[in-house]
Amino acid sequence: MARESMRSKRERAVEVCRRMGELYPNAQPQLDFSNPFTTVVSVMLSAQTTDASVNRVTPELFRRWPDAASMAAASPEEVAEVIRSLGFWKSKSQHCVGIAQMIMADFGGEVPRTMEELTRLPGVGRKTANIVLNKSFGIVEGIAVDTHVYRIATRLGLTKAPTPLEAEQDLLKVLPQELWEDVNSQWILFGRQHCTSQRPKCEGCPLADLCPSEGKDVHVNGKGNGRGGQRGAAKTSR
């Protein structure tokens, strides 16, 4: 197969986004949050855990500690009792308190508004920071690449990157900035409904004609992650 030109890849990527927009014109995050502080904590908690699981614990979490000032005064052990049902709850409880304490000590009690400052917070990586900037402050600096976005981008041949972090840089090159904002929310829904990790629904897929891996097995990090319906993508850090 001839190597695809960058121009062709960009045109295909833009068409993918156009169709995603038609499929999910009102796509919204699945996590429940109401302000920058609850956003950063909720997204951090969702690493390697379903959004539904996070939504079950955050009402009580934010009832007890609704802001950085109150959570900064909590102990990780207290927080752990509330989020114990989540994966990696021990480290996440420490991150919750650490995030709150750093916000109070270093940022005057306000969630920071830059990528550099957000990624200083405990447990906060570039993906989480992208979501916080986008949803809380209307700042679109990049694309939040989670397991769904990573899997879809790989299957579509938009990246061959070995990690989600590197995959983001490939997506930023093929997509114009005005399309970055909706990628995460729309592609997550597509990944759950169509391009699933195992047994993706290729027949009748609205992107089938744009997908070079349609009907094939595509590997991510050495693991079957493709249309052959084998093992899913490597887990993505938040």
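Start at 1 with the first residue, then count along the sequence. These figures come from a predicted structure and were not determined experimentally.
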Using salt bridge (charged side-chain N to carboxylate O under 4.0 Å, His left out) as the criterion, list what pairs up with [X], not counting sequence neighbours.
X    : answer
E178 : none
E4   : R12
E166 : none

Evaluate the side-chain proximity of [Y] to [X]: yes if any heavy-atom separation is below 4.5 Å, no if none is.
X    : Y    : result
K135 : P29  : yes
N184 : V149 : yes
M71  : P66  : no
L133 : V140 : no

Report, one line per pair, each donor and acceptor closer than 3.5 Å where one atom sits in a side chain of residues 52-62; sequence neighbours left out.
from: S53; atom 1: OG; to: T50; atom 2: OG1; distance (Å): 2.7
from: S53; atom 1: OG; to: R56; atom 2: NH2; distance (Å): 3.1
from: N55; atom 1: OD1; to: D32; atom 2: N; distance (Å): 2.8
from: N55; atom 1: ND2; to: Q30; atom 2: O; distance (Å): 2.9
from: N55; atom 1: ND2; to: D51; atom 2: O; distance (Å): 3.4
from: T58; atom 1: OG1; to: V54; atom 2: O; distance (Å): 3.2
from: E60; atom 1: OE1; to: R63; atom 2: NE; distance (Å): 2.9
from: E60; atom 1: OE2; to: R63; atom 2: NH2; distance (Å): 2.8
from: E60; atom 1: OE2; to: R64; atom 2: NE; distance (Å): 2.7
from: E60; atom 1: OE2; to: R64; atom 2: NH2; distance (Å): 3.4

task: Please test Q28 against S185 for side-chain contact (heavy atoms from CB on, under 4.5 Å), starting from the C-alpha separation and ending with a verdict.
output: CA-CA 6 Å; Q28 297 295 326; S185 296; 5.9 Å; no
- prompt: Are W65 and V132 co-members of a hydrophobic cluster defined by side-chain heavy atoms under 4.5 Å apart?
  reply: yes
Side-chain donor/acceptor pairs under 3.5 Å, residues 99-108, sequence neighbours excluded:
from: Q101; atom 1: NE2; to: A72; atom 2: O; distance (Å): 3.2
from: D106; atom 1: OD2; to: R120; atom 2: NH2; distance (Å): 2.9

- prompt: Which residues satisfy the side chain to side chain contact (heavy atoms under 4.5 Å, CB included) test with W89, sequence neighbours excluded?
  reply: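 W89 satisfies side chain to side chain contact (heavy atoms under 4.5 Å, CB included) with A80, I83, R84 once adjacent residues are dropped.
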field: Over all atoms of both residues, closest heavy-atom pair of N130 and I143
entry: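 Looking at all heavy atoms of both residues, the shortest contact is ND2-O, 3.3 Å.
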task: Verify side-chain contact (heavy atoms from CB on, under 4.5 Å) between V111 and S136, making sure each step is shown before the conclusion.
output: CA-CA 10 Å; V111 174; S136 294; over 6 Å; no
- request: Please determine if E117 and R113 form a salt bridge, counting it only when a charged side-chain N lies under 4.0 Å from a carboxylate O.
  value: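 Salt bridge absent between E117 and R113.
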query: Hey, is CD on E110 packed in by over 12 heavy atoms from elsewhere, all under 6.0 Å?
result: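 At most 12 heavy atoms, drawn from other residues, nucleotides or ligands, come within 6.0 Å of this atom.
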task: Applying side-chain contact (heavy atoms from CB on, under 4.5 Å), run through L23 and Q186 and close with a yes or a no.
output: CA-CA 8 Å; L23 287 169; Q186 292 176 347; over 6 Å; no
field: Backbone of I139 reached by a side-chain donor or acceptor of N134 within 3.5 Å
entry: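 Flag not set: sc N134 to bb I139 has no pair under 3.5 Å.
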task: Show the numbers, then the answer: is there a side-chain contact (heavy atoms from CB on, under 4.5 Å) between L210 and R19?
output: CA-CA 11 Å; L210 300 174; R19 295 188 194 180; 3.6 Å; yes
